[in-house]
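Encoded as structure tokens, the structure appears first; notes follow it.
For clarity, every value in this text was computed on a predicted model and none was experimentally measured. In each ligand, atom 1 is the first atom listed, and ligand 1 is the first ligand listed. One-based numbering along the sequence shown.
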Amino acid sequence: MSLATDWVALYRDLHRHPELGFEERRTAGLVAEHLGAAGFEVEEGVGTTGVVGVLRNGEGPTVLVRADMDALPVTEKTGLDYASEVPGVAHACGHDVHTTCLLAACHELAETKETWRGTLLAVFQPAEELGIGAKAMLDDGLYERHGTPIVVLGQHVAPLPAGTVGLHAGASFSALDRLDITLHGVGGHGSQPQTTVDPVVMAASTVMKLQTVVARETSPSDFAVVTVGKLTAGTKANIIPDEANLEVTIRSYRDEVRQQVLASIDRIVRGEAAAAGAPKPPDVLHVEAVDAVHNDPAACAATQPALASTGVLVVDPGPVPGSEDVGCFATAAGAPCVYWLLGGADPVHFEGLTSLQEFADRVRTLPSNHSPEYAPVTDPTIRNGIAALVAATRHWLPTS
Ligand code: ZN
Ligand code: ZN
């Protein structure tokens, strides 16, 4: 086996050795090694653990192709013989697929460089799951040192049938905001609530009232989600604590809706605290903010035939409620983004189905990204992912 020809073996190796955001050192080392072998200029340690590969190939535009490298704090339950060997960490979002496919695409484009010209900027980013890896690379001077791209391309593996690619123009992945909220009360003995301001009751009331933001305030035609995923307070039944903490995740596509939901949450949290007689206003920390991914309609329309030319079926899956920070690269460059879903579900699950509705219903029954059982089928997913990246990149690079 030459250094870089057995891409499935590399995929399985990455899958066995997942690393969390900003800890992708082994992965980054492998990426740098393979990029170097393909003749790329390599810069490591960009935005902590990101890797950049640059292939300058004469006059022409710079095209950015991006993969993410990080894994999740999940205990894998796929039963695969190449399952994670790292306790409590797994590639449950398939970023190992993205890394493998982009490395292979880089090799293929390097081997055929007499057929195109321009600059290929391969970006392997850390910490996508933390929502800050792309920004870390940009803040570290990615474009200052390597040039600003005319387009940002990338893909995310998904439980669509392998052999399909999902491409949606417009808002494709939701904006994500996370608020960490501390409600202040007055603690005391559980037998004497009259001497306290109970933050547990304040938190319970706040959680219920927050359900009205989407149900009663945003338009039914606008997508928005408000989820209180974590609620902590107290230590013991007979102690009324002096504070309660909420962690809230918010998803939206349109910026107006995003701002409306954030303002409503702030109003409700402060209002509930005031109504309960809190000794001081709550602390509301905006700890995560990732913009929606907007796929440029013209750029999608231009790239779609290239994707279809690889033999996959290109479908419009509609917008995805999950979030992604790939859009940061496009926003910072003032360039269009084309980010597609790569089908990774074993086609056997879809045999005999005839209607789109049947397909959509079946997709819903399969383990999705972030599930401990999520396991894309390696073939033809890896092959299709490589072909899609190569074809889309070639579309944006002039022929020589
Ligand atoms: Zn994920
Ligand atoms: Zn992901």
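Residue-level check: among N/O/S atoms of E129, OE2 sits closest to the Zn ion (ligand 1).
The Zn ion (ligand 2) lies at 2.8 Å or more from every N, O or S atom belonging to H98. At least one N, O or S atom of C93, from either the backbone or the side chain, sits less than 2.8 Å from the Zn ion (ligand 1).
No hydrogens or angles considered: nothing links the side chains of T112 and E108 as a donor-acceptor pair under 3.5 Å. Checking E41 against H146 by side-chain atom types alone, no donor-acceptor pair falls below 3.5 Å.
Not one N or O on the side chain of Q192 forms a donor-acceptor pair closer than 3.5 Å with the backbone of H189.
Under the 4.5 Å side-chain criterion, counting only non-hydrogen atoms from C-beta, L262 is in contact with H286.
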